[in-house]
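Atoms considered below: every heavy atom in the structure, side chains included; atoms not considered: hydrogens, waters and symmetry mates. Model, not experiment: these values are computed from the prediction.
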Amino acid sequence: MGDIHFIASQTDTAQEALDRLSARYGQVPFERAGVIVALGGDGLMLSTLHQTTGLPVYGMNRGTIGFLMNDYSEDDLTQRIAMAEVTVTNPLSMIAGLPGGGEYQGLAINEVSLLRAGAQAAKLRISVNGQVRMEELVCDGALLSTPAGSTAYNYSAHGPILPLGSEVLALTAIAAFRPRRWRGAILPKSAVVRFDVLEQHKRPVMAEADSRGVERVEWVEIRSEPDIVHRVLFDPGHGMEERLMREQFV
């Protein structure tokens, strides 16, 4: 995999690990690295992946959740990296229309979410590949999730866990009021999904791509980006497919 560049979150635990590991294995500049080792939690992993398109990232858990991280150990790190399983994922791209005509663009490894930004429920119109599929969804919000992100916010909102090789996306409502029984949809990875915000002045909506976004939007269009590749490394037998499977039997 080549030389290692270590990156760590700002916690004392992660910073101490950074000092010990970089002293033991060396620390090359980011631009010369063959692999990135991320020390922290899932938030750091997502942040690192957004900075490292195509470059493999091996995470070790020095945070709280650690779904995307391997167990922490200072021994045999180069061997663990050499033997690691590679999980390849493609992000979602989000284009959001802003009041006044501007646009905001973002990438999401986990999900793009729309959330009400005021006291009243949001009203959204949902289109797939240019065809309106739901004239009005009254809800706290909605999200479109990748398989890699399906155990995160999507799962908390009662969306389905998606196998990595399924080539589908999960469209999930957040606290749907009307239609009350609507639980969402599973869409092909090639689908282009558009949300139009109805009554936007009375019912403002914010949009986020992996928790980064804008406070008010008029519409959001989302699609998968197969030409953008992220590579996450896992210890053998503990890859993302296995983790997704275990989550369904907890």
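- From I81, atom CD1 reaches atom CG of D235 across 9.5 Å, with rounding to the nearest 0.5 Å.
- Separation of atoms CG (L171) and CE (M134) is listed at 8.0 Å; rounding is to 0.5 Å.
- Both V193 and V214 sit in one connected hydrophobic cluster of ILVMFWY residues. Membership requires side-chain heavy atoms under 4.5 Å apart, directly or through other members.
- V168 is not connected to I109 by any chain of hydrophobic side-chain contacts under 4.5 Å among Ile, Leu, Val, Met, Phe, Trp and Tyr, and they are in different clusters.
- Between the side chain of E85 and the main chain of G237, a donor-acceptor pair closer than 3.5 Å is present.
- Using a 4.5 Å heavy-atom cutoff, the side chains of E218 and V197 are not in contact.
- When atom types are taken as modelled, the side chain of N61 and the backbone of N70 share no donor-acceptor pair closer than 3.5 angstrom.
- A heavy-atom distance below 4.5 Å is not found between the side chains of R125 and W219.
- Of all heavy-atom pairs spanning V217 and A96, the tightest one is CG1-CB, 3.7 Å.
- A distance-only check finds no donor-acceptor pair linking the side chain of H5 to the backbone of I36 [under 3.5 Å].
- Between atom CG of residue L137 and atom CD of residue E135 there is a gap of 12.0 Å, rounded to the nearest 0.5 Å.
- Between H230 and T53 there is a side-chain heavy-atom pair separated by less than 4.5 Å.
- Heavy-atom contacts from other residues, nucleotides or ligands closer than 6.0 Å to CZ of R203 number more than 12.
- Atom OG1 of T52 is separated from atom CE of M45 by 8.5 Å, given to the nearest 0.5 angstrom.
- Looking only at side-chain heavy atoms (C-beta outward), I222 and F195 come within less than 4.5 Å of each other.
- Side chain of N154 to backbone of P160: a donor-acceptor contact under 3.5 angstrom is found.
- Remark: the backbone N or O of E74 is paired with a side-chain donor or acceptor of R24 at under 3.5 angstrom.
- Minimum heavy-atom separation, H50 to D210: NE2-OD2, 3.0 Å.
- The shortest heavy-atom contact between L39 and A17 is CD1-C, 3.9 Å.
- Residues T87 and F234 are in side-chain contact: their nearest non-hydrogen atoms beyond the backbone lie under 4.5 Å apart.
- With values rounded to the nearest 0.5 angstrom, I186 atom CD1 is found 10.5 Å from S145 atom OG.
- In this structure, the side chain of Q27 does not engage the main chain of A23 through any donor-acceptor pair within 3.5 Å.
- For the residue pair N90 and S224, no side-chain donor N or O sits within less than 3.5 Å of a side-chain acceptor on the partner.
- To the nearest 0.5 Å, the span separating CD on Q120 from NZ on K202 amounts to 5.0 Å.
- Contact check for I174 versus C139: no side-chain heavy atoms found under the 4.5 Å cut-off.
- There is no path of hydrophobic side-chain contacts, each under 4.5 Å, that joins L92 to L68.
- Listed here is the closest heavy atom pair of A207 and M94: CB-SD, 4.1 Å.
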**Study point:** Pair H158-T172, side-chain contact (heavy atoms from CB on, under 4.5 Å): steps then yes or no
**Key:** CA-CA 8 Å; H158 307 291; T172 300; 5.9 Å; no

Exercise for review: Go through the steps to decide whether F177 and D140 satisfy the test side-chain contact (heavy atoms from CB on, under 4.5 Å), and finish with yes or no.
Suggested key: CA-CA 8 Å; F177 175 71; D140 279 353; over 6 Å; no

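- Remark: side-chain polar atoms of R223 are not paired, donor with acceptor, to backbone N or O of S93 under 3.5 angstrom.
- In this structure, V57 and V35 have side chains that are not in contact, with every pair of non-hydrogen atoms separated by 4.5 Å or more.
- Using bins of under 30°, 30° to 60° and over 60° for the plane-to-plane angle, the ring pair Y25/F6 lands in the tilted bin.
- Under the 4.5 Å side-chain contact rule for hydrophobic residues, L49 and M69 share a cluster.
- Criterion: ILVMFWY side-chain heavy atoms under 4.5 Å apart, direct or through other members. Under it, V205 and I95 are not part of a common hydrophobic cluster.
- The two residues P188 and L169 make their nearest non-hydrogen contact at O-CD1, 4.2 Å.
- With a 4.5 Å cut-off on side-chain heavy atoms, L244 and S150 count as touching.
- When atom types are taken as modelled, the side chain of D196 and the backbone of S127 share no donor-acceptor pair closer than 3.5 angstrom.
- No more than 12 heavy atoms of other residues, nucleotides or ligands lie within 6.0 Å of CD in E215, so this atom counts as exposed by the packing criterion.
- Contact record, A108 with V112: CB-CG2, 3.8 Å, taken as the closest heavy-atom pair.
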Point to revise | side-chain contact (heavy atoms from CB on, under 4.5 Å) evaluation trace for T151 with R243 | key: CA-CA 9 Å; T151 61; R243 293 168 189 236; over 6 Å; no

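- At distances below 3.5 Å, at least one donor-acceptor pair connects side-chain atoms of Q15 with backbone N or O atoms of S9.
- R231 places a side-chain N or O within 3.5 Å of a backbone atom of G54 that can act as its donor or acceptor partner.
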